[in-house]
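Structure, as structure tokens:
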There are 2 protein chains.
Amino acid sequence: MERSSTPPGGGSRREATRQKLYEAAVTLIAEQGFSATTVDEIAERAGVAKGTVYYNFASKSVLFEELLRHGVELLTDSLREAAERTERDGGTKVDALDAMIRAGLVFISRYPAFTQLYVAELWRTNRAWQSTLMVVRQQAVAVIEDVLREAVASGELSDEIDIPLTAAAMVGMVLVAALDWQSFQPERSLDDVHSALSRLLQGRVGGNR
Amino acid sequence: MERSSTPPGGGSRREATRQKLYEAAVTLIAEQGFSATTVDEIAERAGVAKGTVYYNFASKSVLFEELLRHGVELLTDSLREAAERTERDGGTKVDALDAMIRAGLVFISRYPAFTQLYVAELWRTNRAWQSTLMVVRQQAVAVIEDVLREAVASGELSDEIDIPLTAAAMVGMVLVAALDWQSFQPERSLDDVHSALSRLLQGRVGGNR
DNA sequence: GTTTTTGCACTGACCAGTCAGTTCAAAAAG
DNA sequence: CTTTTTGAACTGACTGGTCAGTGCAAAAAC
């Protein structure tokens, strides 16, 4: 049983296998959806035997759930980090929001398949991993809501804004713009996309009254 | 042997069956996804035999494609109508955008399942109905882009805005805010949600510079 | 006005194929 | 030696699609 020497990452052998399975699963499920993706396909794409999948994960859906948790954790960390960095650098709260938008775009362009898959599952009901999804969603949205709340507290934003709705709208703005960017005009630069969204957020589109 | 005579409802018997199948399919697929939804389930929910599904549609995916076409047509008409009505009433282009946001919200609250399903499929690749989806997406986005373009032409909006990206961002804003509204705080009124989004569009959130 | 025919719309049992998950002996890796 | 992986065979439930047959109301025939 050939094995490709020591995995570059440094983790245990098992962890490396898990990672390969995540990567295989995420692209396949993003393309085809969870149900249409077979365990055989995942194993093949990852270059392991089917038995290995079941040695590492209890079931197909457990693999998927852990994938979701893993991915959203990356996103949440990245958003939080962006906000904190801005804070340290003496930026305003609005600057922090802007930095989070950029961080969101960076994340989506780095992990487009994960994003796709997440969006496709988020608003479904009656699925096994529904609760996992809710928890994980709340973690990510909370980061944005926190910054919005601070911005209101500091008087930077009007206290008339609706925090959860505004957060959701911002997520949607970034998500859809980024997915469209990736799918339909991938030649555009990240800065391009970011500046279009900044302009929208900062009210240089709709005219003010 | 003439068939034509119209049964009570108004449409032919066949059309009524098709409608029932659409309704059954849209909720099931929104909940579970395309592949996880069986033709047996669709038939049962619609109260017809499985054979009837295949009598009316060539295949499961054809049923789904026609469903997509049908739904997006409703949306597109509604958006266009909102924009035209505003125009007739002497509103500005920005007013038209605002009216379209409202029309979007109304549509989503009326057909949440369809919206869910559409979002879940839109960015997938390698699926049979990919091309249908693209066509239908373009129809809807074009309506928004047209109004944005007119607003720029009339000087109402800066000509520095990126039309396709701004349109995508607006779609995302409405989509995600509305889905979150439906899923997580359904008690909110449409006006509530609409005013939060208006505020965002019209730059009363991010502070101006 | 009664009987017969026609064909659309629908039915549901059935089939051939697919897939998640299991099993396990053996081999590789460490 | 222990942990991990392999790989192939197997199971049993499930699924998309098929097809011979039914019901029925309008049309045709008488």
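A, B, ... follow the sequence lines: proteins, then strands. Residue 1 opens every chain.
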- Message: Could you check whether A:Glu121 pairs with A:Arg124 (Lys NZ or Arg NE/NH1/NH2 to Asp/Glu carboxylate O, under 4.0 Å)?
- Response: yes

Q | side-chain N/O A:Tyr54 vs C:dG21 OP1/OP2, d < 4.0 Å | A | yes

Distance only, no hydrogens: is a donor on one side chain within 3.5 Å (strictly under) of an acceptor on the other, for B:Asp95 and B:Thr86? no

In whole angstroms, the gap separating P of D:dT5 from CG of A:Leu21 amounts to 9 Å

key: Lys/Arg cation over aromatic B:Phe184: A:Arg137, 6.0 Å, 45° cone   = yes

Answer yes when A:Glu84 and A:Arg88 have at least one side-chain N-carboxylate O distance shorter than 4.0 Å, and no when they do not.
no

To the nearest angstrom, the CZ-C1' distance between A:Phe57 and D:dT5 comes to 14 Å

From CZ of B:Phe64 across to P of D:dG16 the rounded distance in Å is 14 Å

If you look at every strand shown and take non-hydrogen atoms under 4.0 Å, does A:Ser61 touch a base, only sugar-phosphate, or nothing? nothing

Item to complete: Taking only the side-chain nitrogens and oxygens of B:Lys60, find out if one of them lies under 4.0 Å from OP1 or OP2 of D:dG16.
Response: yes

Next on the checklist: Whether A:Thr17 contacts D:dT5 is assessed here as follows: a side-chain N or O lying under 4.0 Å from the phosphate OP1 or OP2. Is that the case?
Outcome noted: yes

Separation of D:dT4 atom C1' from A:Glu15 atom CD, nearest Å, is 14 Å

Separation of C:dG17 atom P from A:Asp40 atom CG, nearest Å, is 18 Å

- prompt: Is the side chain of B:Ser109 donor-acceptor paired with the backbone N or O of B:Val106 at a distance under 3.5 Å, no angle test?
  reply: yes

Rounded to whole Å, NZ of A:Lys20 lies from C1' of D:dT4 at a distance of 12 Å

Any N or O donor-acceptor pair under 3.5 Å from the base of D:dG7 to the side chain of A:Lys50?
no

Side-chain N,O (A:Tyr55) to OP1/OP2 (D:dT4) below 4.0 Å
yes

In whole angstroms, the gap separating C1' of D:dT5 from CD of A:Glu44 amounts to 17 Å

Review point. Heavy atoms under 4.0 Å, any strand shown: does A:Thr52 hit a base, just sugar-phosphate, or nothing?
Key: base

When A:Gly51 and A:Val39 are each assigned the nearest nucleotide of DNA chain C, the 5'-most assignment goes to A:Val39

(message) Would you say A:Asn56 places a side-chain N or O within less than 4.0 Å of OP1 or OP2 belonging to D:dT4?
(response) no

